Amino acid sequence: MKAKSKLRQAVALLCSRSTATSEAYTQLVLECVRANEIDQAKRLQSHMEHHLFQPPDPFLHNQLLHLYAKFGKLRDAQNLFDKMLERDVFSWNALLSAYAKSGSIQDLRATFDRMPYRDSVSYNTIIAGLSGNSFPKESLELFRRMQREGLEPTEYTNVSALNASAQLLDLRRGKQIHGSVIVHNYLGNVFICNALTDMYAKCGEIEHARWLFDRLTNKNLVSWNLMISGYVKNGQPEKCIGLLHEMRLSGHMPDQVTLSTVIAAYCQCGRADEARRVFNEFKDKDIVCWTAMLVGYAKSGREEDALLLFNEMLLEHFEPDSYTFSSVVSSCAKLASLYHGQAIHGKSILAGLDNNLLVSSALIDMYSKCGLIDDARSVFDVMPTRNVITWNAMIVGYAQNGRDKDMLELFENMLQEKFKPDNVTFVGVLSACLHSNLIEQGQVFFDSISNQHGLTPSLDHYACMVNLLGRSGRIDQAVNLIKSMPHEPDFLIWSTLLSVSATKGDVARAEMAGRHLFELDSTNAVPYIMLSNMYASMGRWKDVAAVRSVMKNKNVKKFAGYSWIEIDNEVHKFTSEDRTHPETEQIYEELKILIRKLEEQGFRPNTNLVLHDVGEEEKLKSICFHSEKLALVFGLIKKGNGVSPIRIIKNIRICSDCHEFMKFASMSIRRQIILRDSNRFHHFSNGKCSCKDNW
DNA sequence: ATAGGGTTAG
């Protein structure tokens with residue numbers, strides 16, 4: 001600290017004079033390079049240009065150039081380079097490394113091509129620059145070109161080439177480099193060993209990576225971090241925790257990289273609380289550590305904790321980056337929390353990151369999952385660059401919000417702009433067809449997945465088709481499709497078949513699907529409930545009782561359906577017939593009034609949907625107080641005189657009685673109701689629903 | 001002068 005202020009004083013002193021010798025400048029510039037004092041070096045450069053009336057010392061210029069290059073000060077490096085009278089390969093290499101750090105690949109390549117002479121450092125710089133900016137193919141091309149030109153790859157070259165092979169998951173190339181590394185006797189270099197370990201780990205050969213790691217005698221912190229992250233990437237997070245322990249025993253202190261990896265490992269094992277404890281104990285956290293914890297919570301389904309942690313992070317004056325924003329925005333999307341989502345959108349604008357690819361894609365998803373599909377489109381429209389994920393977010397958004405025409409138009413645009421659709425795109429496309437009952441259209445799209453786009457239909461796509469065929473009453477075709485699949489049918493396929501068979505009253509098919517589901521997972525409540533609902537709707541109460549008793553014997557727990565509504569900053573959650581809310585009395589009072597009013601307008605509660613064989617009055621009671629109705633009335637109590645839509649979110653699918661109720665309610669209260677269920681959106685307005693009663 | 005590890009949206 002003291003040395004730095006002394007240096008600053010010396011620079012200030014020299015710059016206060018109108019003359020100085022070339023030696024004096026050189027002396028101070030060297031000091032600046034040693035202390036990494038870029039600003040002071042720039043001051044010296046500018047003073048020198050104005051006051052030194054002799055040709056600048058090429059050595060001094062090279063020193064400055066390297067300092068700028070080291071810190072990625074591309075502009076300064078470029079300016080200086082242009083002024084230089086003598087440029088040797090050192091100068092060119094320094095400029096090249098400034099371009100490599102800038103991330104502009106075109107400029108990097110152009111500079112490389114412009115060079116009058118190239119040595120192995122030039123090649124190493126561009127090869128590292130390309131692999132470091134995720135251009136592994138191009139990096140390996142230059143690796144080959146270097147050898148063609150008769151330059152022997154150095155240790156530096158091999159590290160970057162291994163890195164590129166790892167990115168391409170090209171195990172063969174990696175092994176080939178491994179061989180040449182052995183021949184050249186480079187295995188004493190820890191960079192080489194680390195790069196090899198990483199390559200094997202990323203290519204899925206975790207045992208091979210571990211074998212090398214165990215034989216590495218001069219392990220450093222990076223070696224440990226590589227191995228730990230290798231286990232996370234290979235789906236063995238439990239191993240990381242043991243390795244962390246070993247690492248401490250061997251005298252290595254975990255750093256920020258270790259911490260962020262270990263947090264991910266804990267959260268992957270469902271141990272988010274332990275991750276949080278490790279996180280709290282660590283003193284020197286950076287933004288990546290915070291983001292790792294936010295992501296960890298989100299992946300553990302603990303979005304509220306993520307938002308609370310995000311607040312803590314802001315209180316501690318950490319600046320969120322694009323990764324942080326995209327992660328918290330996606331937590332808001334899962335919660336459908338428009339209040340927080342908009343606030344975070346605002347913060348991202350202030351940070352200048354709202355147009356960032358990651359952030360915008362997350363914002364599109366957030367707005368569409370909040371039912372504000374047009375706001376999602378606004379974000380989409382102003383983006384400077386888009387990728388497949390952006391397009392998919394928008395297409396899936398239109399699909400879930402029942403805007404099939406917009407979806408089809410957007411899909412056409414996507415193809416026109418030469419973006420390659422992937423499996424997620426077709427999940428969006430097919431589910432839009434499903435929600436709008438476009439059977440022929442859906443079949444055409446399904447066939448195009450393999451015919452036109454060279455993809456293999458996934459189980460999700462098959463499930464959409466089973467659903468689509470089943471709804472149009474072609475259950476035979478749906479069953480044949482399942483039989484013809486190249487994949488083993490999974491839980492989703494059979495539960496889709498069960499669901500469509502049950503609604504069409506095809507008891508035999510429903511029971512067949514049920515048997516497959518029990519085989520796959522006898523503890524999941526979904527098939528039991530679906531079968532029991534089917535029997536109940538047919539009045540087959542004996543069968544209902546039988547299913548219930550099997551559930552009881554096997555201790556299958558029905559998971560609770562609930563709805564929630566956000567009022568200002570707070571989330572209010574309701575279950576069916578909930579009486580735990582502090583304002584329960586008023587809610588039930590108002591709900592009864594609303595039901596009477598809607599009945600006067602023609603609404604009739606549909607007691608056929610009640611799943612127990614109980615008296616008519618009991619049936620009415622259990623259906624009238626479903627969670628979404630309670631949430632709606634609560635919203636009206638709190639925001640009764642507003643004009644914005646009432647937004648309700650539900651974790652299971654809406655029943656048809658509630659659906660009918662919401663249609664009448666939207667007319668009676670003259671307001672839009674947006675209900676997101678586990679499957680899709682329902683925009684109720686003027687007595688109609690965007691799903692056209694098809695869900 | 002040039003090399004390695006962590007967060008990543010649908």
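Reminder, nothing fancy here: chain letters follow the sequence lines and each chain counts from 1. Keep in mind the model is a prediction, meaning the values are calculated, not measured.
Following rounding to the nearest Å, A/Y186 (OH) and B/dA3 (P) show an atom-to-atom distance of 16 Å. Summarising the geometry, the separation between CZ on A/F411 and P on B/dG10 is reported as 20 Å, rounded to the nearest angstrom. Rounded to whole Å, atom P of B/dT2 lies 15 Å from atom CD1 of A/I126. Taking atom CG of residue A/L294 and atom P of nucleotide B/dT8, one finds them 10 Å apart after rounding to whole Å. Taking atom NZ of residue A/K334 and atom C1' of nucleotide B/dG10, one finds them 11 Å apart after rounding to whole Å. Taking atom NE2 on A/H61 and atom P on B/dA1, their separation rounds to 17 Å, with Å as the unit. At whole-Å resolution of the value, CG in A/L64 and P in B/dA1 are 13 Å apart. Rounded to whole angstrom, the span from the CE atom of A/M115 across to the P atom of B/dA1 amounts to 15 Å.
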If you look only at distance, which donor and acceptor atoms sit under 3.5 Å apart when one is on a side chain in residues 455-462 of chain A and the other is two or more places apart or in another chain?
| from | atom 1 | to | atom 2 | distance (Å) |
| --- | --- | --- | --- | --- |
| A/S458 | OG | A/D460 | N | 3.4 |
| A/S458 | OG | A/H461 | ND1 | 3.4 |
| A/H461 | ND1 | A/S458 | N | 2.9 |
| A/H461 | NE2 | A/N423 | O | 2.8 |

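Residue ring and base: A/Y323 does not count as stacked with B/dT8 (centre distance below 5.5 Å and interplanar angle below 30° not both satisfied).
At a cut-off of 3.5 angstrom, counting only N and O atoms as typed in the model, there is a donor on one side and an acceptor on the other between the side-chain of A/D286 and the base of B/dG6. No hydrogens or angles were tested; on distance alone, nothing pairs the side chain of A/T261 with the base of B/dG6 as donor and acceptor under 3.5 Å. Side-chain atoms of A/N392 stay outside donor-acceptor range of the base of B/dA9, with no qualifying N/O pair under 3.5 Å. A/N189 contributes a side-chain N or O that forms a donor-acceptor pair with the base of B/dA3 under 3.5 Å.
Counting non-hydrogen atoms under 4.0 angstrom, A/A195 reaches nothing in the nucleic acid. Residue A/V295 is in sugar-phosphate contact alone, with no base atom involved, counting any heavy-atom pair closer than 4.0 Å across all strands shown. Residue contacts shown for A/L221 include a base, since a base heavy atom lies under 4.0 Å away. Residue A/N220 is classed as a base contact, given a heavy-atom separation below 4.0 Å to a base. Residue-level contact check: A/N158 touches neither bases nor backbone, having no heavy atom under 4.0 Å from any strand. Within 4.0 Å (heavy atoms only), A/D88 reaches no atom of the nucleic acid at all. Note on A/C289: a base of the nucleic acid sits closer than 4.0 angstrom, heavy atoms only.
Comparing B/dG10, B/dT8, B/dA1 by their closest approach to the side chain of A/I389 singles out B/dG10. Set against B/dA9, B/dT2, B/dA3, the side chain of A/S97 has B/dT2 as its closest nucleotide. Of all nucleotides listed (B/dA3, B/dG6, B/dA9), B/dA9 comes nearest to the side chain of A/L357. When distances run from any side-chain atom of A/A393 to the nucleotides B/dT7, B/dA1, B/dG10, the shortest one goes to B/dG10. The side chain of A/Q256 lies closest to B/dG6 when the candidates are B/dG6, B/dA3, B/dA1. Across B/dT7, B/dG6, B/dA3, the shortest atom-to-atom separation from the side chain of A/V159 is found for B/dA3. The side chain of A/N387 lies closest to B/dA9 when the candidates are B/dG6, B/dT2, B/dA9. Closest to the side chain of A/D422, from the set B/dG6, B/dG10, B/dT2, is B/dG10.
At least one donor-acceptor pair closer than 3.5 Å links the side chain of A/Q167 to the backbone N or O of A/S131. Distance alone, capped at 3.5 Å, is enough to place a donor-acceptor pair between the A/R676 side chain and the A/K369 backbone.
Of the inter-residue distances, the one linking A/S260 atom OG with A/D255 atom CG reads 8.0 Å to the nearest 0.5 angstrom.
Considering A/F282, A/F279, A/Y297 in turn, A/F279 is the only one that fulfils the ring pair (Phe, Tyr, Trp, His ring centres under 6.0 Å) rule with A/W290.
Residue pairs that meet the ring-ring contact (aromatic ring centres under 6.0 Å, His included) test with at least one member in residues 359-386 of chain A, sequence neighbours left out, are A/H345-A/Y367, A/F380-A/W391.
Judged by the 6.0 Å distance and 45° axis criteria, A/R87 is positioned over the aromatic ring of A/F81. With A/F213 as the aromatic partner, A/K219 meets the cation-pi criteria of under 6.0 angstrom to the ring centre and within 45 degrees of the ring axis.
For the segment residues 361-380 of chain A, the set of residues with a heavy atom within less than 4.0 Å of an atom of DNA chain B comprises A/S361, A/D365, in numerical order.
When only modelled atom types and interatomic distance are considered, A/Y99 and A/Q78 share a side-chain donor-acceptor pair under 3.5 Å.
Distances shown here put every side-chain N or O of A/K299 at or beyond 4.0 Å from the OP1 or OP2 atom of B/dA9. Proximity of A/K70 to the phosphate of B/dT2: no side-chain N or O atom is located under 4.0 Å from OP1 or OP2.
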